A.B. asks: 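Take a look at this one; I'll ask things after.
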Protein chains: 2
Amino acid sequence: METKRVYLNQSDMPKQWYNIAADMPTPMQPPLHPGTGQPIGPDDLAPIFPMNLIEQEVSTQRWIDIPEEVLEILAIWRPSPLTRAYNLEKFLGTPAKIYFKDESVSPSGSHKPNTAVAQAYYNKAFGIKRIATETGAGQWGSSLAMACQLLGIELKVYMVRISFEQKPYRKILMRTWGAECVASPSQDTSFGRKMQAEYPDTPGSLGIAISEAIEDTVTSKDTRYALGSVLNHVMLHQTIIGLEALKQCEMVGAYPDIVVGCCGGGSNFAGLAFPFIRDKIYGKNLRIVGVEPSACPTLTKGSFLYDFGDTAATTPLLPMHTLGHNFIPQPFHAGGLRYHGMAPLVSQLVMDNLIEPMSFNQIQTYEAGMTFARTEGIVPAPETNHAIAGAIHEALKCKETGEAKTILFNFSGHGIMDLAGYDAYMDNKLTNYEMPEEEIQAALKVLESYPKPKVS
Amino acid sequence: METKRVYLNQSDMPKQWYNIAADMPTPMQPPLHPGTGQPIGPDDLAPIFPMNLIEQEVSTQRWIDIPEEVLEILAIWRPSPLTRAYNLEKFLGTPAKIYFKDESVSPSGSHKPNTAVAQAYYNKAFGIKRIATETGAGQWGSSLAMACQLLGIELKVYMVRISFEQKPYRKILMRTWGAECVASPSQDTSFGRKMQAEYPDTPGSLGIAISEAIEDTVTSKDTRYALGSVLNHVMLHQTIIGLEALKQCEMVGAYPDIVVGCCGGGSNFAGLAFPFIRDKIYGKNLRIVGVEPSACPTLTKGSFLYDFGDTAATTPLLPMHTLGHNFIPQPFHAGGLRYHGMAPLVSQLVMDNLIEPMSFNQIQTYEAGMTFARTEGIVPAPETNHAIAGAIHEALKCKETGEAKTILFNFSGHGIMDLAGYDAYMDNKLTNYEMPEEEIQAALKVLESYPKPKVS
């Protein structure tokens, strides 16, 4: 039997995260204060984040030590396996070699705990007693609930209403791990009450939920905010994925020609891709592909602008690809990809042509997910289906050209708590939605008066 | 950082199963034909099972090769990790070392695919096109669905009604893997229609669902039946768990003083325990503890008798601990442990004092599960909570005596598709049920006229 799934011993776990800020071809442009248009400093962020995470957010140090206590908790499920998808290759009839890094083995079923544990740890180290956060599909909220439980921190989660209603098990999971979870928009914040009054039928959005969590943070005692994606320190914590993958690739004597991940806020994608992008920056020949839903086409149809991270326009302005902070995407199943913006680091790397964005519609992604579930046996999360669609797309190109390329994608999570979309797919009830160009341009109009990031 | 989670390379995966029938101190007593009271032969089972599995069922060969194609599918998630529960130990303040074998990493979240893949393989090898089966909580049905999908066999699943209604995601999971799933009792078999007519409000039971699946099997073309527990060949296929654990124990330089598993039909327990019981038979000093729910106390309060495996009394008579085939347990949350009987191999080993049975009530098991989820981070299946309750019980005894014993238990599955019980527990809505002695004796009366197994 050929080895299919490659494990890494815990003694070989990476002991440092990789900070791509040290290697960016174009230096990162700073977050701006929305009032003054001036770069914000660490002190401006202090009401929102603990200072130790703010230091990571602005750090340009290439390697940052992972604290021992964080490693010990990550060791509940890490290192995650690297698996060769032999059956998928065979089914596609492709000469390509397809590998996936399996982040679904964590207790909450996705990559999210990688940063949840780190953030809970740094908050605790800074003396914070309580965290407020938002969650889309529930992956982030439940992951942070687990992390806060293990580290002894109180947690309140604002969950996007549509997911709150469609995914009752996610709520119970958060509760089992000791967190309080409410539907957003909620009655617990003034912005939530305002949104409920104005849009009583709103499915909610990540942007709204972030606004609520930030309002909670700045109005509560000993509380800080935690974000599951977008920010530099989140990308940093996720790089353990790619660093492990590099070691595992070496173990199997393979190196990817193409690295693929799905992009919502950017963190699972960055986690796998950044260590490989480093190689690319230093001359290695490979392609890095970020896949997003065509119903929320931030990278493929949005613009690189300064925008807010939340709907209430309370965060600093971030230089990123965006569809406008008022954009509320259709309620498609991949809740984790329903975000108007994109991580500034990922956005800048797209601008620098180090990342190729790509999009698929909902039905295409479920087709890919079903194919994977029925050949490789593991049911992917709706978000992960986007990465699989990208990997299959590239593998079929290899079939045409006869090239035996090595494709590596991030299996960011399993779908066994998110099965409704599969049911709808099998009943032919899934819909596609492509955002018209004029709607996108209209959504971006609100940003006209703000400073623009430099584009070289 | 100390190593918490021990992986085994795929090249070190066991290549043979261990058949404890070769080492039983008391030879197994044969299944009997209910009409004649005579031992049944392989031909009697031929309408139900393919002959290659019947051969395994009656084999006394100690080591049986695992087919290459089975190994290749098991390699999707195996070898499973062995993890040291440091946080649980610390929380309990016990000098005991607690390890668990983590079977929750499979695509369906439990140990069930270990035998599902093997059974689907042998059916396929024998030319069978379709399988009928039953499922309780849905772990077995979904695992077999995955296996049949990967091996190209059609599958119909009769799912115990209460689970069918409470666990919609399990249905979708089976469907995603290509299986048809109906609530049992169903309208699709004459026994199902009879039960529906007599007991319109019945929550169903594994016994009823088995009867339906067997009726389907013998009345359909190219169809055989598959059982997820109880039978000798099922125990055999599960021994890969214990064989891996033995290797992993050696890697960490530990050997258990106590091995613990939860017992429904007996398969996850046997899978971990049998290779260790072999050591015990050959002189090693250790205890083997099987934990069951006090609401379905087969080993602790039932009798060792010849009984049917199903409610309709259509199977051969098996020598086993039983509560009577008419017994329909209360609808407690650990659906996989709601079975009136117990694997004959496990039963005989209990009679031979090689296994100690133990029971806990529902609230005790959820207490244990919550403790585990909040210290080790992984949410256990309701069934698995029984094994954890047993392990914690033994660890607390060590705390009293000051002994640093090594406890190994089987983490048979995760609970993130079975969270309703946790919600009820946190709302103080969980109930306990202890079966009164006279009710048990009454349930066993039906067996008076049948032959009795020998008891030495």
Side-chain angles (χ1 to χ4, degrees), chain A residues 1-11 13 15 68 71-73 75-79 81 83 86-87 102 104-109 113 117 142 146-147 149-150 168-173 175-178 369-370 373-379 414-420 422-423 425-426, chain B residues 1-11 13 15 68 71-73 75-79 81 83 86-87 102 104-109 113 117 142 146-147 149-150 168-173 175-178 369-370 373-379 414-420 422-423 425-426:
Chain A
M1 189 190 75
E2 278 183 285
T3 291
K4 189 181 180 83
R5 198 159 174 87
V6 183
Y7 299 94
L8 198 64
N9 291 329
Q10 289 199 318
S11 52
M13 256 171 94
K15 304 291 183 293
E68 185 77 9
L71 280 174
E72 275 170 14
I73 297 179
I76 290 172
W77 73 96
R78 301 208 74 86
T83 303
Y86 284 110
N87 288 350
D102 189 355
S104 76
V105 297
S106 82
S108 61
V117 172
S142 53
M146 180 196 78
Q149 178 63 47
L150 294 178
Y169 271 23
R170 281 284 172 195
K171 281 178 280 183
I172 308 179
L173 193 52
R175 192 180 177 204
T176 302
W177 280 320
M370 283 294 290
R374 292 189 167 188
T375 55
E376 289 297 323
I378 312 175
V379 179
H414 65 62
I416 64 177
M417 294 187 77
D418 288 288
L419 289 163
Y422 286 95
D423 220 26
Y425 172 79
M426 291 183 282
Chain B
M1 190 191 75
E2 278 183 287
T3 290
K4 188 182 182 83
R5 199 158 172 88
V6 183
Y7 298 95
L8 198 64
N9 289 329
Q10 291 200 315
S11 52
M13 256 172 93
K15 304 292 183 293
E68 184 77 8
L71 281 174
E72 276 170 11
I73 297 179
I76 290 173
W77 72 96
R78 301 208 75 87
T83 303
Y86 284 108
N87 288 350
D102 190 355
S104 75
V105 297
S106 82
S108 62
V117 171
S142 54
M146 180 197 78
Q149 178 63 46
L150 294 177
Y169 270 24
R170 282 284 172 196
K171 282 178 278 185
I172 307 179
L173 192 53
R175 193 181 176 204
T176 303
W177 279 321
M370 282 294 289
R374 292 189 167 188
T375 55
E376 289 297 322
I378 312 176
V379 179
H414 65 62
I416 63 176
M417 295 187 77
D418 288 288
L419 289 165
Y422 286 94
D423 221 24
Y425 172 78
M426 290 183 282

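So that the names make sense, note that chain A is the first sequence line, chain B the second, and so on, each numbered from 1. Being a predicted model, the structure only gives us computed values, none of them experimental.
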A.B. asks: If you count heavy-atom pairs under 4.5 Å with chain A, which of S106(B), G369(B), P79(B) comes out on top?
C.D. replies: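 Result: the option with the highest number of such pairs is P79(B).
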A.B. asks: A side-chain contact here means heavy atoms from C-beta on lying under 4.5 Å apart; do L419(B) and M417(A) qualify?
C.D. replies: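 Heavy-atom side-chain distance check passes, below 4.5 Å.
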A.B. asks: Under 4.5 Å from any heavy atom of chain B, what part of T375(A) do you find: side chain, backbone, both or neither?
C.D. replies: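 The backbone, not the side chain.
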A.B. asks: Answer whether the closest heavy-atom distance between the side chains of P81(B) and W77(A) falls below 4.5 Å.
C.D. replies: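 Answer no - side chains too far apart.
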A.B. asks: For chain A, find which of P107(B), S11(B), P113(B) contributes the most heavy-atom pairs closer than 4.5 angstrom.
C.D. replies: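 Of the options given, most contacts go to P107(B).
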A.B. asks: Which one of R175(B), R78(B), E68(B), K171(B) has the most heavy-atom pairs closer than 4.5 Å to chain A?
C.D. replies: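 Winner by heavy-atom pair count: R175(B).
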A.B. asks: For chain A, which candidate among I378(B), L8(B), D423(B) shows the most heavy-atom pairs at distances under 4.5 Å?
C.D. replies: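 The residue among I378(B), L8(B), D423(B) with the greatest pair count is D423(B).
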A.B. asks: Pick from T176(A), D102(A), N9(A), V6(A): which one has the most heavy-atom pairs with chain B under 4.5 Å?
C.D. replies: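 Of the options given, most contacts go to T176(A).
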A.B. asks: Mind checking the CD1-OG spacing from I416(A) to S108(B)? Nearest 0.5 Å is all I need.
C.D. replies: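 Spacing of CD1 (I416(A)) from OG (S108(B)) equals 8.0 Å.
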A.B. asks: Measuring only between side-chain heavy atoms, which start at C-beta, is I76(A) closer than 4.5 Å to R5(B)?
C.D. replies: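 Contact flag for I76(A)/R5(B) side chains = no.
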A.B. asks: Measure the acute angle between the ring planes of H414(B) and H414(A), then classify it against the limits of 30° and 60° as parallel, tilted or perpendicular.
C.D. replies: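 Rings of H414(B) and H414(A): parallel, under 30°.
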A.B. asks: Okay, side chain of W177(B), backbone of R374(A): is any donor-acceptor separation there less than 3.5 Å?
C.D. replies: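 No.
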A.B. asks: As an exercise, state the distance from CD1 of I172(A) to CG of D418(B), rounded to the nearest 0.5 Å.
C.D. replies: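 I172(A) atom CD1 to D418(B) atom CG measures 10.5 Å (nearest 0.5 Å).
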A.B. asks: Heavy-atom cut-off 4.5 Å, strictly under: side chain, backbone, both or neither for M426(B) against chain A?
C.D. replies: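 Contact with chain A: backbone and side chain both.
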A.B. asks: Tell me whether Q10(A) contacts the main-chain N or O of K4(B) through its side chain, where contact means a donor paired with an acceptor under 3.5 Å.
C.D. replies: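 Side chain of Q10(A) to backbone of K4(B), a donor-acceptor pair under 3.5 Å: yes, one is there.
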A.B. asks: State, yes or no, whether a side-chain contact exists between L173(A) and V379(B) at a heavy-atom distance under 4.5 Å.
C.D. replies: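 Side-chain contact under 4.5 Å: yes.
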